[in-house]
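Notes to accompany the following structure.
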Amino acid sequence: MKIAFDGGCFQQGILGGIYQVACGFLNAARAMDPAFDALLVCDSRLGTVRAEAMAGLTWTPEVIYAPVSQSYDPPEPWPTVRDPEVRLFIDGAIVAAEIDEAVITYRGPTPERAFVVLSRAAVDPAGTDGRKRGIRLKTVTIESATRTSRVAGTDRRLQSGFLSGAGRGWTDGAGFIPLEVFAGHTGDVTLTIVYEALSGYALDPGPGANMLVHLRRLRLSAERHALVSDLALRLKEAGCHAYMANHFTPLIMPEMVNVAWGYDMIPVLFPHYFNPDARINFQNNIKVFSAADRIYAISDCTRADMIEHGKLEPDQVISSGISVSPGISARSSAEVDEVIVPLGLRRKGYIIAVATVEPRKNHLRLLRAYRQMRSQMADCPDLVIVGKMGWGFDRVLSYRHENGMEDCVKVLSDRTEHELSCLYSGALFSAYVSVYEGFGLPILESMVCGCPVLTSDRSSMVEVAGGAARLVDPYDVQSIALALQEMSQNAELRGDLIALSRARTHSYSWQRSAGIIVDDLRMLADQS
């Protein structure tokens, strides 16, 4: 069996949970069936796959590049037009201007009441003052049977409808040419205006602009369809019968079996925890979920969320589960000391909290609860936060500094799997009080390393804990503080949780998850 697999995580600079899932599944599937093969599909605009990421695989799959992922498309610009729509308003009537390149010519009677140069307004791209500008008059030449006169664009008589100061000469959409410049001219005149325009003018919202947006999207959609169709043909010629989307390159490949990993629906359930670009990108994943032949949810909780909030059919989503990386395991005392002693830590003298430092992971409430515990407990264990710095991490570091906790709260990033295993193995217990999760790998990682767990009483965290962890309300600082203190002082509770977690870890393995998925892929292939 050979599948095409979304390889975006092998191009990313951070080896996160999605990368762990990719390696776990691909390696387990290969170990179960040496004939299993995968071709990694990567977007060429994100660069090549990285050697350190590919090292996580037990074999080297073929890689194919194509600029197909909407996630890496440039931002969609608003429609613009180069034509500044110059018109003349003369004595109460609109007069079409005769325009040749950047020269406006008017031939007709000498104006008696008003002569106005109308133009589309646009913001100066140089951003010098942020105001809207139409066109910049360079020179105005008036010829008649009696005389010829010229007015420079910097002439101070050009005031009404013109920007002053450094912007002199630019019309603010409507520049009035004062009638006094026509003095001495009678009868018909020829007026020539040499002007300069911005390179592009944003179209005003309305039917015209909306139609251009629609037509452009149709064109881009057609171009993308052609690219994806070509890619699908290349994949089939390479022997792939299915495409597995893995978040980074969410695509539906025509005439192929389409499946996808389902991690969570958090961007839909808690949009305030994500930046706008992340929410937009997730919409591409939702489109794939809706059209896929099957989605492999990483937990029962995620499966339920996808059915309810993703409006998917129950038989469209399978709960396959995931597991920890093989590199995460319990370590000996000597190995633990080699890692933690240089950090100023001692075995069973610290609490570990593993998670990306961002608001959803709830570090601020954890810190508030930890501070409260320290005020009430002698010989309080240290707190070690391990994780990459996500958005909003500065609030956590600021709180630690403002409350004088730099010595007792350590923040570590970029740890190897061996170092992380040692940190888990040496910890008194693990605290993972996230607001919401699709799985919660640090819970299972802690258990595998023999580290008792304190975690949240909601979403998938309850499911993964399976009765082998102390649960707490992640929104209740007082409750978290009491649970931290209980876990710190109650050795019997910690021992009971360690014993329960040994059995719990047997419920999750990559062999089990890969077996569920590979069997389903074969069935889907037979049905297609």
Task: His363 and Arg395: side chain donor to acceptor below 3.5 Å - done: no
Task: Check: Asn258 main-chain N/O paired with Asp293 side-chain donor or acceptor under 3.5 Å - done: yes
TODO: Spell out, as yes or no, whether a donor-acceptor pair under 3.5 Å connects the side chain of Ser513 to the backbone of Ser320.
DONE: yes
- [ ] List the atom of Phe439, the atom of Val464, and the distance in Å for their closest heavy-atom pair.
- [x] O-CG2, 3.3 Å
Task: Atom pair CG (Leu367) and CG (Leu383), whose distance is rounded to the nearest 0.5 Å - done: 6.0 Å
- [ ] Kindly write out the residues that satisfy ring-ring contact (aromatic ring centres under 6.0 Å, His included) with Tyr432, not counting sequence neighbours, or none if the list is empty.
- [x] none
TODO: Please confirm whether the backbone N or O of Val433 pairs with a side-chain atom of Asn362, one donor and one acceptor, at under 3.5 Å?
DONE: yes
Task: Flag side-chain contact, heavy atom, 4.5 Å: Met487 against Pro381 - done: no
Open item on the list: Could you check whether Asp300 pairs with Arg303 (Lys NZ or Arg NE/NH1/NH2 to Asp/Glu carboxylate O, under 4.0 Å)?
Closed with: no
TODO: Only counting residues at least two apart or in another chain, list the ones meeting ring-ring contact (aromatic ring centres under 6.0 Å, His included) with Tyr436.
DONE: Phe270
Open item on the list: I need the minimum non-hydrogen distance between Met306 and Ala297, along with the two atoms involved.
Closed with: SD-CB, 4.5 Å
Open item on the list: Please check if the number of heavy atoms outside His272 that lie under 6.0 Å from its NE2 is greater than 12.
Closed with: yes
- [ ] Take His241 and Ile3 through the test side-chain contact (heavy atoms from CB on, under 4.5 Å) and record every step on the way to the result.
- [x] CA-CA 6 Å; His241 76 276; Ile3 68 168; 4.1 Å; yes
TODO: Just jot down the side chain to side chain contact (heavy atoms under 4.5 Å, CB included) partners of Glu492, sequence neighbours excluded, or say none.
DONE: Asn490, Asp496
Open item on the list: Using modelled atom types and a 3.5 Å cut-off, is there a donor and acceptor pairing between side-chain atoms of Ser460 and backbone atoms of Glu437?
Closed with: yes
Task: Beyond-backbone contact of Asn403 with Val409, side-chain heavy atoms, under 4.5 angstrom - done: no
Open item on the list: Let me confirm one number: the CD1-SG distance from Ile498 to Cys449, rounded to the nearest 0.5 Å.
Closed with: 11.5 Å
- [ ] Identify the heavy atoms of Gln511 and Met32 that sit nearest to each other, and give their distance.
- [x] O-SD, 3.7 Å
Task: Interatomic spacing from CG in Leu40 to CG in Asp6 - rounded to 0.5 Å - done: 9.0 Å
Open item on the list: Can you tell me how far apart NE2 (His418) and OG (Ser425) are? Round to the nearest 0.5 Å.
Closed with: 9.5 Å
- [ ] Taking atom CZ of Arg365 as the centre, report whether more than 12 heavy atoms of other residues, nucleotides or ligands fall under 6.0 Å from it.
- [x] yes
Open item on the list: Before you tell me yes or no, could you show the steps for Arg224 and Ser221 under side-chain contact (heavy atoms from CB on, under 4.5 Å), namely the whole-Å CA-CA distance, both residues' side-chain angles and the distance that decides it to 0.1 Å?
Closed with: CA-CA 5 Å; Arg224 180 175 302 283; Ser221 177; 5.7 Å; no
Open item on the list: Less than 3.5 Å apart, any donor N or O on the side chain of Ser332 or Glu335 sitting next to an acceptor on the other?
Closed with: yes
- [ ] Salt-bridge test for Arg522 and Asp33: reply yes if a basic N is under 4.0 Å from a carboxylate O, no otherwise.
- [x] yes
- [ ] Using a cut-off of 6.0 Å, state whether more than 12 heavy atoms not belonging to Gln527 lie near its atom CD.
- [x] yes
TODO: Indicate yes or no for a side-chain donor-acceptor contact from Arg494 to the backbone of Phe429 under 3.5 Å, with no hydrogens or angles considered.
DONE: no
TODO: Identify the two heavy atoms, one from Leu227 and one from Pro67, that lie closest to each other, and give their separation to 0.1 Å.
DONE: CD1-O, 3.6 Å
TODO: Identify the two heavy atoms, one from Ser446 and one from Pro442, that lie closest to each other, and give their separation to 0.1 Å.
DONE: OG-O, 2.7 Å
Open item on the list: Is any side-chain heavy atom of Arg458 closer than 4.5 Å to one of Pro474?
Closed with: yes
Open item on the list: Less than 4.0 angstrom from a charged side-chain N to a carboxylate O is my criterion; do Arg346 and Asp379 meet it?
Closed with: yes
TODO: Please confirm whether the backbone N or O of Thr58 pairs with a side-chain atom of Asn27, one donor and one acceptor, at under 3.5 Å?
DONE: yes
TODO: For atom NE2 of His225, decide whether the heavy atoms of other residues, nucleotides or ligands shown that lie under 6.0 angstrom number more than 12.
DONE: no
Open item on the list: Given 3.5 Å as the limit, does a donor-acceptor pair link the side chain of Tyr19 with the main chain of Ala53, or not?
Closed with: yes
TODO: Check the pair Phe248 / Asp43 against side-chain contact (heavy atoms from CB on, under 4.5 Å), numbers first and verdict last.
DONE: CA-CA 9 Å; Phe248 288 102; Asp43 193 289; over 6 Å; no
TODO: Salt-bridge test for Asp315 and Arg294: reply yes if a basic N is under 4.0 Å from a carboxylate O, no otherwise.
DONE: no
Open item on the list: Is any side-chain heavy atom of Phe25 closer than 4.5 Å to one of Asn246?
Closed with: no
Task: Expected output: side-chain Ser299 to main-chain Gly438 donor-acceptor under 3.5 Å - done: yes
- [ ] Answer yes or no: does atom CG of Asp407 have more than 12 heavy-atom neighbours from other residues, nucleotides or ligands under 6.0 Å?
- [x] no
TODO: Indicate yes or no: at least one non-hydrogen side-chain atom of Thr356 is less than 4.5 angstrom from one of Phe393.
DONE: no
Task: Charged N-O contact under 4.0 Å between Glu338 and Arg331 - done: no
Task: From Asp337 atom CG to Leu345 atom CG, the distance as rounded to the nearest 0.5 Å - done: 10.5 Å
Task: Side-chain H-bond candidate by donor/acceptor type, Arg512 with Tyr508, under 3.5 Å - done: no
Open item on the list: Is there a side-chain contact (heavy atoms from CB on, under 4.5 Å) between Glu223 and Leu220? Walk through the geometry before answering.
Closed with: CA-CA 5 Å; Glu223 291 174 355; Leu220 292 174; 3.7 Å; yes
- [ ] Could you grab the distance from atom CD1 of Ile286 to atom CG of Asn281, nearest 0.5 Å is fine?
- [x] 11.5 Å
Task: Smallest separation among heavy atoms of Ala483 and Val472, with atom names - done: CB-CG2, 4.1 Å
Open item on the list: Looking at Ser69 and Thr249, would you say the former's side chain and the latter's main chain have a donor-acceptor pair under 3.5 Å?
Closed with: no
TODO: Would you mind reporting whether Leu412 and Leu423 have side-chain heavy atoms less than 4.5 Å apart?
DONE: yes
Open item on the list: With a 4.5 Å cut-off on side-chain heavy atoms, are Leu46 and Phe10 touching?
Closed with: no
Task: N/O donor-acceptor pair under 3.5 Å between Lys348 side chain and Ala427 backbone - done: yes
Task: Exceeds 12 heavy-atom contacts within 6.0 angstrom, atom CG of Asp394 - done: yes
Open item on the list: Quick one about Asp520 and Tyr296 (side-chain donor to acceptor, distance below 3.5 Å, no hydrogens or angles considered), yes or no?
Closed with: yes
Task: Exercise: do Ser413 and Lys388 side chains pair donor with acceptor under 3.5 Å - done: no
TODO: State, yes or no, whether a side-chain contact exists between Leu441 and Val324 at a heavy-atom distance under 4.5 Å.
DONE: yes
